[in-house]
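These notes concern the structure reproduced below.
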Amino acid sequence: GVTLSRLADKALGVTHSFCVPQMAQAMMAEPGFEGADLSHLKALFSGGAPLPRPITEAFLAKGVILANGYGMTEAGSTLCMPLDAAVIAAKMDSAGLPSPTVMLRLVGPDGVDVQDGEVGEVWLSGPSLMPGYWNQPEATDKALTVDGWLKTGDAARRDPDGFIFIVDRWKDMYITGGENVYPAEVEAVLIAALDAPEIAVVGVPDARWGETGVAFIAGASLTEAAVLAACDGRLARYKHPRHVRFIEALPRTASGKIQKDVLRRLFAAEMESTPAS
């Protein structure tokens, strides 16, 4: 509420601001959001986590450019959407284009660059890159190639226009029945289909399929059947979560990132405490 009131304060005259998606969602939930005059705000930038479509659409409807982006401590800000409402509406899920100083590759597991439309790991190069991790030569050697490319651990695809779409973290992808599932895709579908902005999907061990998905949902009055039904017709069957869990709040870091390792441990502890049938 305080942030929204300050952004709408003509005396302060804020023209540019940054938020993580959770903060934008919180502003949308404020009773004064619909009536807030944000016309002087030239751009609201977002990063740090996937930006659900309903959030972008809500701010665009108010005439506010909500520009998604991508960056990391090791490389600074590397991607951002153009400050153009029409482009943002057309490329809703994109994190944008590389900045002028950034070189970007999308590399497959074989070390070869993938084709447009295919998923590869984001590799970065440029003057904003870190020289290495302080007093951690092994971590540095793992992150940086011999010719200076930073292997980010993030999976993405590029469209024919050069826009980059972050798919998920490589480590968050799980394999069920031999098929790759990117939780961020499942989360985006569920967030759009359900009145529940707080959704996280994680992969967990499964005796039959190797791994399967668990959808954790916070702050929504839903049933498991309703959540699973929302996947029908929107996701391939193998991408449907097998389990649904409702919790009070999703665990997050100080910067708003969902702690998926905590969710995996919560589910594992539940399974260990459940008597075998």
Side-chain angles (χ1 to χ4, degrees), residues 16-24 42-53 55-56 59 65-85 87-88 90-109 111-134 136 139-173 182-185 187-188 253-258 260:
H16 298 77
S17 185
F18 176 85
C19 68
V20 297
Q22 186 187 21
M23 295 165 60
K42 296 184 182 299
L44 180 62
F45 300 95
S46 178
L51 181 62
R53 282 191 170 208
I55 299 179
T56 304
F59 278 90
I65 290 177
L66 179 55
N68 197 13
Y70 167 84
M72 56 196 309
T73 303
E74 293 88 341
S77 297
T78 58
L79 299 173
C80 190
M81 287 296 291
L83 302 187
D84 184 311
V87 174
I88 291 173
K91 306 284 187 180
M92 189 72 73
D93 300 318
S94 177
L97 300 166
S99 69
T101 63
V102 172
M103 292 182 287
L104 183 146
R105 296 169 59 191
L106 298 180
V107 182
V112 177
D113 289 29
V114 301
Q115 298 296 313
D116 286 353
E118 297 179 353
V119 175
E121 183 182 12
V122 177
W123 286 20
L124 300 170
S125 181
S128 65
L129 223 64
M130 67 167 187
Y133 295 108
W134 180 255
Q136 297 184 59
T140 298
D141 290 342
K142 185 177 180 180
L144 295 174
T145 67
V146 291
D147 50 352
W149 288 87
L150 171 67
K151 297 181 285 186
T152 67
D154 288 312
R157 60 181 175 83
R158 181 192 290 109
D159 77 2
D161 298 321
F163 284 80
I164 304 299
F165 295 75
I166 304 297
V167 176
D168 215 332
R169 291 288 294 169
W170 276 121
K171 67 179 182 181
D172 286 338
M173 181 197 77
Y182 296 97
E185 177 190 5
E187 292 161 0
T253 65
S255 63
K257 295 181 186 293
I258 297 172
K260 293 196 169 182

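Since this is a predicted model, take the numbers as computed values, not measurements.
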Does the pair M130 and L150 meet the rule for a side chain to side chain contact (heavy atoms under 4.5 Å, CB included), with working shown?
CA-CA 9 Å; M130 67 167 187; L150 171 67; 4.2 Å; yes
Which heavy-atom pair separates S46 from F18 by the least distance, and what is that distance?
C-CE1, 3.8 Å
By the side chain to side chain donor-acceptor pair (under 3.5 Å) test, which pairs, at least two apart or in different chains, include something from residues 157-168?
K91-D159, K91-D161
Excluding sequence neighbours, so at least two apart, what forms salt bridge (Lys or Arg N to Asp or Glu O under 4.0 Å) with D113?
R105
Here the pair of heavy atoms bringing G148 nearest to L129 is O-CD2, 3.3 Å
Quiz: residues 114-122 side-chain donor-acceptor pairs under 3.5 angstrom, not counting sequence neighbours:
from	atom 1	to	atom 2	distance (Å)
E118	OE1	Q115	N	3.2
E121	OE1	W123	NE1	3.3
E121	OE2	G153	N	2.8

Shortest non-hydrogen contact between C19 and A24, atoms and distance:
SG-CB, 3.8 Å
Say whether, by atom type as modelled, one donor and one acceptor occur between the side chain of S128 and the main chain of A75 under 3.5 angstrom.
yes
Across all chains, not counting sequence neighbours, the ring-ring contact (aromatic ring centres under 6.0 Å, His included) partners of F59 are F33
Taking the side chain as C-beta and beyond, is there a heavy-atom pair between D154 and Y70 under 4.5 Å?
yes
Indicate the atoms forming the closest heavy-atom contact of T140 with P131, along with that distance.
CG2-O, 4.2 Å
If you measure from CG on L83 to CG on L66, what distance do you get to the nearest 0.5 Å?
11.0 Å
I need the full list of salt bridge (charged side-chain N to carboxylate O under 4.0 Å, His left out) pairs touching residues 65-78, with sequence neighbours left out, sorted by first then second residue.
none
Please round to the nearest 0.5 Å and tell me the distance separating atom CD of E185 and atom CZ of F165.
13.0 Å
Going from CG on L104 to OG on S125, what distance comes out if it is rounded to the nearest 0.5 angstrom?
10.0 Å
The reported gap from CD1 in I166 to CG in N68 (rounded to nearest 0.5 angstrom) is 9.0 Å
How far apart are the C-alpha atoms of V87 and F163, what are their side-chain angles, what is the distance that settles it, and do they pass the side chain to side chain contact (heavy atoms under 4.5 Å, CB included) test?
CA-CA 10 Å; V87 174; F163 284 80; 3.7 Å; yes
Treating K257 as the side-chain partner and G48 as the backbone partner, does any N or O pair qualify as donor plus acceptor under 3.5 Å?
yes
Hey, could you give me the NE2/CD1 distance between H16 and I65, rounded to the nearest 0.5 Å?
9.0 Å
Give, for atom OG1 of T56 and atom CG of L51, the distance between the pair rounded to the nearest 0.5 Å.
3.5 Å
Please list every donor-acceptor pair under 3.5 Å in which a side-chain atom of residues 93-102 meets a protein atom from a residue at least two apart or in another chain.
from	atom 1	to	atom 2	distance (Å)
D93	OD1	R53	NE	3.1
D93	OD2	R53	NE	3.0
D93	OD2	R53	NH2	3.0
S94	OG	G96	N	2.9
S94	OG	I164	O	2.8

